[in-house]
Amino acid sequence: NSKVIQTPRYLVKGQGQKAKMRCIPEKGHPVVFWYQQNKNNEFKFLINFQNQEVLQQIDMTEKRFSAECPSNSPCSLEIQSSEAGDSALYLCASRLGKTNSDYTFGSGTRLLVI
Amino acid sequence: QQKVQQSPESLSVPEGGMASLNCTSSDRNFQYFWWYRQHSGEGPKALMSIFSDGDKKEGRFTAHLNKASLHVSLHIRDSQPSDSALYFCAASECNYAQGLTFGLGTRVSVFP
């Protein structure tokens, strides 16, 4: 059983709709990552946080995605206006603030945009 | 070009046999390597990490790292049907806030 909890497991949205997914990182892990895994199994880094602060994000995330990791609440990733190409498995991972610590992944949210 | 390249793309192994997976990086900034396993419908789970040259053994799994050539391998001894999954090699730099860079995976199928 994963120590990183992601909800919902599945999400179906129409094009142009908002899609929001949540992640509770492993307890004690201050660094949180969001990845997109496409149908070809390619992983794309989207954004990461340390505590509540954004560390890095890619251009796509800046424009159409919004994400936050508020104190004492789940982290969230929201696509403002879903596109067909956003259909993918969205994975949240967390880790300790150490260079040799494992990244713990959740089971993911599978988004289908129709 | 993929910074982390894996081979083969797929592998069929008899139950009880040995599976050997390979991974090469083209980025000398990568200092830390992991092997992750992903079963269908699940997120990837860390199998092993390796950061120093040489072998690291954990149960039926042995990883080998050659930092000079940036080559990492994973060997699965006495393969079981439950080992059938996607295996990803992933690498990171010397920065705990840096994300992982993944290869495209090797699909392992263990047949009875």
Side-chain angles (χ1 to χ4, degrees), chain A residues 1-7 9-10 21 23-26 28-51 53-58 61 67 69 88-110, chain B residues 1-11 21 23 25 27 29-52 56 58 61 63 65 67 85-109:
Chain A
N1 291 329
S2 180
K3 296 175 183 177
V4 173
I5 309 299
Q6 289 190 248
T7 55
R9 287 297 303 271
Y10 302 95
M21 54 204 84
C23 168
I24 301 174
E26 184 171 344
H29 284 193
V31 190
V32 177
F33 303 82
W34 284 98
Y35 287 86
Q36 179 194 67
Q37 186 182 20
N38 67 20
K39 61 181 180 181
N40 296 320
N41 296 316
E42 295 168 300
F43 287 81
K44 179 187 284 184
F45 165 82
L46 297 176
I47 189 169
N48 64 344
F49 293 83
Q50 180 164 6
N51 298 316
E53 301 297 320
V54 175
L55 295 176
Q56 296 170 307
Q57 59 183 323
I58 63 171
T61 311
C69 266
L89 182 66
Y90 288 83
L91 291 161
C92 175
S94 67
R95 74 181 313 210
L96 292 169
K98 295 180 182 178
T99 52
N100 60 353
S101 62
D102 284 348
Y103 297 71
T104 305
F105 282 82
S107 297
T109 293
R110 186 165 295 283
Chain B
Q1 184 193 2
Q2 283 282 127
K3 287 189 175 183
V4 176
Q5 295 181 304
Q6 290 186 242
S7 64
E9 285 186 14
S10 63
L11 187 59
L21 291 69
C23 171
S25 170
D27 190 334
N29 290 318
F30 290 147
Q31 294 290 310
Y32 300 95
F33 295 88
W34 280 264
W35 284 99
Y36 277 82
R37 180 164 75 179
Q38 186 176 28
H39 285 108
S40 181
E42 298 179 7
K45 286 183 170 53
L47 267 179
M48 293 184 68
S49 59
I50 186 164
F51 311 136
S52 304
K56 182 178 181 181
E58 290 185 5
F61 300 90
L65 172 61
K67 280 197 168 183
L86 264 173
Y87 289 76
F88 291 97
C89 174
S92 73
E93 300 179 13
C94 293
N95 179 345
Y96 68 84
Q98 201 75 13
L100 284 168
T101 298
F102 286 84
L104 294 180
T106 293
R107 184 169 294 281
V108 174
S109 300

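In what follows, chains carry the letters A, B, and so on, assigned in the order in which the sequence lines appear, proteins first and then strands, with residues in each chain numbered from 1.
Using modelled atom types, one side-chain atom of Asn95(B) and one backbone atom of Ala97(B) make a donor-acceptor pair closer than 3.5 Å. With Gln6(B) contributing its side chain and Gly105(B) its backbone, the two residues share a donor-acceptor pair below 3.5 Å.
Heavy-atom distances place the side chain of Ala46(B), and not its backbone, under 4.5 Å from chain A. For Asn48(A), the part lying near chain B is the side chain, with the backbone staying farther off; criterion is any non-hydrogen pair under 4.5 Å. Residue contact with chain A, scored on non-hydrogen atoms closer than 4.5 Å, involves the side chain of Gln38(B) exclusively. Only the side chain of Arg9(A) comes within less than 4.5 Å of a heavy atom of chain B; its backbone N, CA, C and O stay farther away. For chain B, no part of Gln6(A) is nearby; none of its heavy atoms comes within less than 4.5 Å.
Using cut-offs of 30° and 60° for the angle between ring planes, the Phe105(A) and Tyr35(A) rings count as tilted. Using bins of under 30°, 30° to 60° and over 60° for the plane-to-plane angle, the ring pair Tyr103(A)/Phe33(A) lands in the tilted bin.
Interface summary for chain B: among Val31(A), Leu91(A), Asp102(A), the most heavy-atom pairs under 4.5 angstrom belong to Asp102(A).
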- Task: Evaluate the salt bridge (Lys or Arg N to Asp or Glu O under 4.0 Å) criterion for residues Glu42(A) and Lys44(A): first the C-alpha distance (whole Å), next the side-chain angles of each, then the deciding distance (0.1 Å), finally the verdict.
- Result: CA-CA 7 Å; Glu42(A) 295 168 300; Lys44(A) 179 187 284 184; over 6 Å; no
